[in-house]
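Naming: A, B, ... by sequence-line order, numbering from 1 per chain.
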There are 2 protein chains.
Amino acid sequence: MNDAPDAVSFGLLGGTVSYGLKRAYLRVIRDLEEALAPHGLTPPLLAALSIAAANPGIAPARLAAAMGHGRSRAAPLLDRLEADGLLERRDGPDRRSLGLHATRAGDLLLRRVTPVLAAHEARMTVGLPDGARDALAAALGTIAASDT
Amino acid sequence: MNDAPDAVSFGLLGGTVSYGLKRAYLRVIRDLEEALAPHGLTPPLLAALSIAAANPGIAPARLAAAMGHGRSRAAPLLDRLEADGLLERRDGPDRRSLGLHATRAGDLLLRRVTPVLAAHEARMTVGLPDGARDALAAALGTIAASDT
DNA sequence: TATTGTTATACTCTATAACTATA
DNA sequence: TATAGTTATAGAGTATAACAATA
């Protein structure tokens, strides 16, 4: 139990949820980027497509809010997904509102990506003791949801 | 138990550690940015200063690696910390190497920021059941540490 | 007047590659 | 040749503000 020649201390930040989150996030986002790249997706594009597919007719502003962003973040993501034929902006309830819908190609891509995502998830949680994965997901959900 | 007019589903991503991490990270980084701004710090600057202070004489490359980055990420952070008088680049063991040292002002700032960070940490974990905070920190550490 | 979607803009974070000095 | 630090450059993510159309 001493294979590092010289362990680095994180000082103030050691053992905090805050900095642990940052380092875990960095690791996860890189792995996911790599896993998705062959499918022409990035993590935010997948998130937008996944939410749109699960909530047919959702408005851009609501999709952005679900992702934790402001309205203006949606446009470039939707532009890209629409250009790739994965999603459509259709008319919404208002003449000023839009309703988003995954296309057939979008649904197929999501199905194709499902095992990729599952493998990624397994890779990220492989070191966790039994039951810790679910507890972790729950704790993360609590933190994210407390976003006033 | 039904106060949201229409809950948004995350589809594929719902319940995953991967996406939970992303949303929790967004919430935490925003809160921390806000909390640190009055002290002239950003989260990465605090991380670099905290690590440098806890590991006197550490080399820039090792500091960057501890933060999960490549060598080139260190320079701009160190430039800024040095310009603010919080950190010094001194000579290292080699003529090509440097040793980083927090200045007195850097140490004082860290001390001043300690309660700010503790309050931030408390804010982020207030919704978690007893014992979940430590389990969360441990799980995050496991994920981050498995970074090959 | 408020809301929806968009555009413009800027700033931070991050990565890759190339350069210099030293080993 | 390899390593340490830096610089240059580019790209992605995010935020704010302002705009046009509609309500």
### Summary
Note: contacts of residues 63-72 of chain B with DNA chain D (heavy atom, under 4.0 Å) are B:Arg71, B:Ser72
### Task
Quick one: which residue pairs count as a ring pair (Phe, Tyr, Trp, His ring centres under 6.0 Å) with a foot in residues 23-71 of chain A, not counting sequence neighbours?
A:Tyr25-B:Tyr25
#### Entry: Shared hydrophobic cluster, A:Phe10 / B:Met124 (ILVMFWY, side-chain heavy atoms < 4.5 Å)
no
### Task
Using a heavy-atom cut-off of under 4.0 Å over every strand shown, decide if B:Ala75 touches base, sugar-phosphate, or nothing.
base
### Integer-rounded Å distance: D:dA12 P and A:Glu33 CD
10 Å
### Query
Counting only non-hydrogen atoms, which of residues 83-97 of chain A are less than 4.0 Å from DNA chain C?
A:Arg89, A:Arg96, A:Ser97
### Query
CG of B:Leu77 versus C1' of D:dG5: gap in Å, rounded?
14 Å
### Query
Within the side chain of A:Thr114, is there an N or O that forms a donor-acceptor pair under 3.5 Å with the backbone of A:Leu110?
yes
### Query
Within the side chain of A:Thr142, is there an N or O that forms a donor-acceptor pair under 3.5 Å with the backbone of A:Ala138?
yes
### Query
Across the strands shown, which category fits A:Ala74 at heavy-atom distances under 4.0 angstrom: base, sugar-phosphate, nothing?
nothing
### Query
Run the side chain to side chain contact (heavy atoms under 4.5 Å, CB included) check on A:Arg73 and A:Met67 step by step: do they pass?
CA-CA 9 Å; A:Arg73 178 86 179 95; A:Met67 294 178 66; 6.0 Å; no
### Message
Taking salt bridge (charged side-chain N to carboxylate O under 4.0 Å, His left out) as the cut-off, I'd like each qualifying pair that reaches into residues 91-112 of chain A, sequence neighbours left out, listed once.
### Response
A:Asp94-A:Arg96
### Query
Are B:Leu13 and A:Leu86 joined in one hydrophobic group, where the rule is that I, L, V, M, F, W and Y side chains link up if heavy atoms are under 4.5 Å apart?
yes
### Query
Is the backbone N or O of A:Gly85 less than 3.5 Å from a side-chain atom of A:Thr103, with the two atoms forming a donor-acceptor pair by type?
yes
### Query
A:Arg80 near the nucleic acid: base, sugar-phosphate alone, or nothing, with a heavy-atom cut-off under 4.0 Å?
nothing
## Note on the structure
Heavy-atom nearest nucleotide on DNA chain C taken for A:Leu26 and for A:Pro76; more 5' hit belongs to A:Pro76
### Message
I'd like the 5' and 3' limits of the part of DNA chain C contacted by chain A, with heavy-atom contacts below 4.0 Å.
### Response
C:dA2 to C:dA15
### Query
Is the backbone of B:Val8 close enough, under 3.5 Å, to the side chain of A:Asn55 for a donor and an acceptor to pair up by distance?
no
### Task
Among residues two or more places apart or on two chains, list those pairs meeting salt bridge (charged side-chain N to carboxylate O under 4.0 Å, His left out) that have a residue in residues 119-130 of chain B.
B:Asp31-B:Arg123, B:Glu121-B:Arg133
### Summary
CG of A:Leu77 to CG of A:Leu100, rounded to nearest 0.5 Å, is 11.0 Å
### Message
I want to confirm an ordering. Mapping A:Lys22 and A:Ile58 to their closest nucleotides on DNA chain C, which one lands closer to the 5' end?
### Response
A:Ile58
